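Here the structure is laid out as structure tokens; the discussion comes afterwards.
No hydrogens, no waters, no symmetry mates; every other heavy atom, side chains included, goes into these values. In listed order, ligands and their atoms are each counted from 1. Bear in mind that the values here come from a model prediction, so they are computed numbers and not experimental data. Nothing fancy with the numbering, it's 1 onward along the sequence.
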Amino acid sequence: MIRRFDGAQSAFHLQTAGTSYLFRVLPTGHLEQLYYGKRIDPESMEELSSLTEKRSFEPGGVIRYDTSTPPLVLEDICLELSSGGKGDIREPFLELVHADGSRTSDFLFEKAEISETKSPFETLPGSCAEDGRAERLTIILRDREYGLTLELSYCVWADCDCITRSARLVNDSGERVEVERLLSLQLDLPDSGYGVTCFHGAWVREMDRDTVSLPAGKFAMESRAGASSSRMNPFFLLHDPRATEDNGTAMGFNLIYSGNHYEAVEVNAYGKTRVVTGMNPQGFRWLLGPGESLEAPEAVMCWSDRGFGGVSRNMHRFVREHIVRGEWKRRPRPVLLNSWEASYFDFTEDTLLSLAGAGKELGVELFVMDDGWFGERSDDTRSLGDWDVNLRKLPGGLKGLSDKLRELGLDFGLWVEPEMVNVNSRLYEAHPDWAMAIPGKPHAEGRKQRVLDLANPAVQDFLIGKMTEVFSSADIRYVKWDFNRIFSDVYSPSLPPERQGETAHRYMLGFYRVMETLTARFPHILFEGCASGGNRFDLGILCYFPQIWASDNTDALSRARIQEGYSFGYPPSVISAHVSASPNHQTLRITPEDTRFHVAAFGLLGYELDLRGLSEEEKRAMSEEIRLYKAWREVFQFGDFCRGRSGNLHEWTCVTPDKSRAAGMLLQELTKPNTQFERYFAKGLEPGARYRFYSGDPGGLYEREDTVASGESLLSAGVKLAPGFGGTGRDGTIRLFLDFSSRLYLMEKI
Ligand code: DGJ
């Protein structure tokens with residue numbers, strides 16, 4: 001609900017099921033943030049005065065905005081946006097250089113509109129509702145000195161306790177303005193001492209979690225990679241330092257954007273905390289001519305007093321309901337077999353078909369041909385950009401292969417990396433100026449390839465045309481869209497020198513146009529985003545592609561940590577995860593088959609190994625796994641994911657929204673000698689209901705737990721599992737729980 005209070009000034013109350021966000025217009029026209037937290041129900045403007053800052057004197061060393069009494073010191077007030085130059089010396093929301101060279105702006109309230117629909121952004125992806133209905137507040141502010149308009153938009157997603165914010169700057173002056181920063185969200189909190197938890201990493205090491213406490217100063221998170229990047233995911237948490245998984249107040253923030261981003265938490269001299277998120281101002285400079293406008297990406301925030309778990313479940317619902325869209329939004333995702341770790345570049349139609357046949361025998365539903373099928377591509381040095389089938393490998397082309405897979409009873413999926421080009425390619429030869437590069441200067445390489453200049457509309461059109469041809473050339477049901485290097489030598493040959501600061505953002509706008517067009521043209525295709533694994537795992541991608549390959553690391557232990565990291569901000573329905581060979585190709589670690597399955601099952605299950613050399617025993621186990629996954633995929637893919645203990649043990653539960661079925665996993669990193677007794681604690685169940693609790697290990701190789709208990713008891717007391725091996729003796733009553741072992745439990749309401 002959005003409520004407006006009117007007195008001498010106006011105030012606005014954005015209310016979700018469990019939270020309230022309030023701000024008011026000050027007599028000067030600035031917007032003062034009043035409150036963000038647990039839902040409250042103020043009745044009147046008078047009541048809101050209890051939330052307003054009380055000031056009677058002007059401290060030394062500050063700037064007083066004007067001569068009004070009590071004095072207005074912008075540096076010491078919670079603001080909805082800060083434009084800098086008038087005394088607020090904290091992180092600004094926007095930074096403009098006006099035609100006269102000044103960097104001072106002052107945006108003041110003009111009017112507000114409340115509506116019940118949310119129209120799509122002109123240039124960017126955004127949150128959405130299936131029926132188009134969304135409560136929306138637009139605040140129009142104006143810089144009267146320079147003739148600029150700033151629109152701040154807010155959407156209330158009551159069902160998931162989320163509020164989104166975005167901004168649009170309109171130049172209705174007669175002069176050009178340089179935009180050096182236009183962020184998306186600013187949240188000023190009246191106090192400090194928060195913890196900031198961020199998710200950082202690198203290739204095959206995505207989503208490491210770390211917390212810093214911030215008594216003073218600033219903590220910044222960002223990507224300058226050209227992609228949202230595995231270095232620092234745009235999702236982060238701000239919380240009471242004592243907050244835990246289930247208790248304490250925590251806020252989650254994310255950005256619907258796939259390029260360079262910036263998040264900062266700053267504590268100022270007056271003990272106030274400012275949070276900002278948005279496009280990274282570093283390297284950004286946009287020339288906004290008279291009559292032009294610039295949109296900032298939409299940011300999302302949520303608040304919970306149920307700890308990190310509360311934030312995660314809200315964010316999961318937000319992603320499932322208001323980010324992912326299209327035919328695949330709620331459709332069960334197929335179990336796939338991907339050729340990459342099975343054969344890398346080395347395959348022919350015959351070898352692929354024999355691999356696919358082995359997959360079909362085990363119950364796989366979709367076969368994905370990964371990199372290596374086009375041009376002269378036999379390694380990563382050539383042919384990116386030449387999207388014509390290599391007929392030596394695939395004599396019948398894509399259609400021949402997809403027809404044969406259809407005969408086997410399998411759907412066909414394809415890998416592409418459209419945004420890149422190898423210098424060693426026909427495309428580069430024909431259009432060297434289509435790659436991002438500084439004319440006449442040497443270029444730094446990444447994976448022996450270059451980034452195409454998607455800021456150039458001709459390149460966008462080429463990609464749309466070429467991919468349309470490829471996707472129409474056979475019965476393609478799935479596309480894995482890869483992106484395997486970051487930006488360097490950022491320069492668009494299609495833009496004039498003074499506009500080079502726009503390149504990285506124009507690239508993203510071009511990329512979104514390409515994705516928008518292709519996903520609309522091929523609504524039946526299930527698209528999966530990928531960027532050397534999770535180098536572009538963000539809400540911008542998820543507005544077009546319903547799932548993302550989370551990491552090139554398929555080692556079960558690494559994946560447990562990586563997927564747990566993602567789970568703070570993203571639901572399992574968007575996390576693609578595969579069972580691969582042991583020893584694992586990235587870590588050389590040997591892990592049990594059931595652990596590899598359990599970890600991948602808490603996501604979108606696939607296989608990525610050569611199934612042809614499996615023993616009968618392994619085949620039996622894998623086909624049992626796939627059978628079980630299919631029977632429980634509604635729970636694994638679309639259930640509510642809850643984290644339990646985390647550390648040496650990873651304890652996960654997924655529960656259907658009606659709480660009738662749940663699956664749980666207990667994974668142990670390293671065995672501790674002589675610790676025989678272990679319990680599994682369920683989460684998310686209905687306390688008053690009774691459940692059958694039983695082991696979901698399909699091979700029946702281990703003990704089979706099978707009992708009936710109340711939800712209450714499974715949640716609070718847990719289930720005491722059969723004793724583990726304790727260092728002496730071993731008989732049939734003892735549970736083997738070795739390094740990297742895990743157990744899967746199933747729960748059904750009776
Ligand atoms: C990186 C991806 O993440 C891998 O899964 C694979 O598709 C390779 N690229 C292919 O080049």
Side-chain angles (χ1 to χ4, degrees), residues 201-207 225-231 233 258 336-347 352 355 359 366-387 390 393 412-422 424-425 445-452 467 470 476 478-486 526-538 541 545 547-556 558-559 562-563 566 574-581 584-587 596 600 603-610:
W203 178 68
V204 301
R205 191 161 42 74
E206 292 87 349
M207 297 304 273
S228 49
S229 104
S230 49
R231 276 58 165 190
N233 195 274
S258 314
L336 63 80
L337 171 62
N338 179 299
S339 66
W340 183 241
E341 288 193 20
S343 50
Y344 296 101
F345 294 103
D346 185 17
F347 57 77
L352 291 180
L355 178 64
L366 166 78
F367 180 77
V368 180
M369 176 170 63
D370 210 282
D371 196 354
W373 58 267
F374 49 90
E376 297 299 318
R377 185 100 167 150
S378 48
D379 55 34
D380 62 9
T381 61
R382 72 199 73 208
S383 290
L384 277 177
D386 299 342
W387 298 106
N390 179 333
K393 287 186 179 180
F412 174 46
L414 189 68
W415 176 97
V416 290
E417 191 179 2
E419 298 160 74
M420 299 285 169
V421 65
N422 285 120
N424 188 355
S425 68
E445 300 289 342
R447 210 201 185 196
K448 305 161 198 93
Q449 64 194 49
R450 298 199 179 172
V451 187
L452 284 173
M467 287 304 120
V470 172
I476 294 170
Y478 159 107
V479 165
K480 176 178 173 188
W481 184 295
D482 210 343
F483 173 90
N484 280 309
R485 66 158 285 180
I486 60 170
L526 170 61
F527 283 91
E528 176 164 313
C530 172
S532 300
N535 203 37
R536 208 163 55 178
F537 199 113
D538 59 69
I541 297 290
F545 301 165
Q547 57 188 61
I548 302 178
W549 178 230
S551 174
D552 274 359
N553 191 338
T554 55
D555 166 58
S558 311
R559 265 302 185 122
I562 291 169
Q563 288 172 215
Y566 282 118
V574 305
I575 299 175
S576 165
H578 296 174
V579 172
S580 66
N584 173 267
H585 290 199
Q586 293 76 43
T587 60
R596 285 178 274 147
L604 307 168
L605 178 70
Y607 287 75
E608 184 158 343
L609 72 166
D610 192 346

Quick one: salt bridge (Lys or Arg N to Asp or Glu O under 4.0 Å) partners of D555, sequence neighbours excluded?
R589

Sequence neighbours excluded, the answer for salt bridge (Lys or Arg N to Asp or Glu O under 4.0 Å) partners of R559 is none

Under the side-chain hydrogen bond (donor to acceptor under 3.5 Å, both in side chains) test, which residues partner D371, sequence neighbours left out?
R377

For Y566 and F537, I'd like to know if the aromatic rings sit close, meaning centre-to-centre distance below 6.0 Å.
yes

Kindly state whether the ring of F345 and the ring of W373 have centres lying under 6.0 angstrom apart.
no

Does a donor on one side chain and an acceptor on the other come within less than 3.5 Å for S258 and D538?
yes

Return the protein residues near ligand 1 (heavy atom under 4.0 Å from any of its atoms), ordered by chain and residue number.
W340, D370, D371, W415, R447, K480, D482, N484, C530, S532, G533, W549, D552

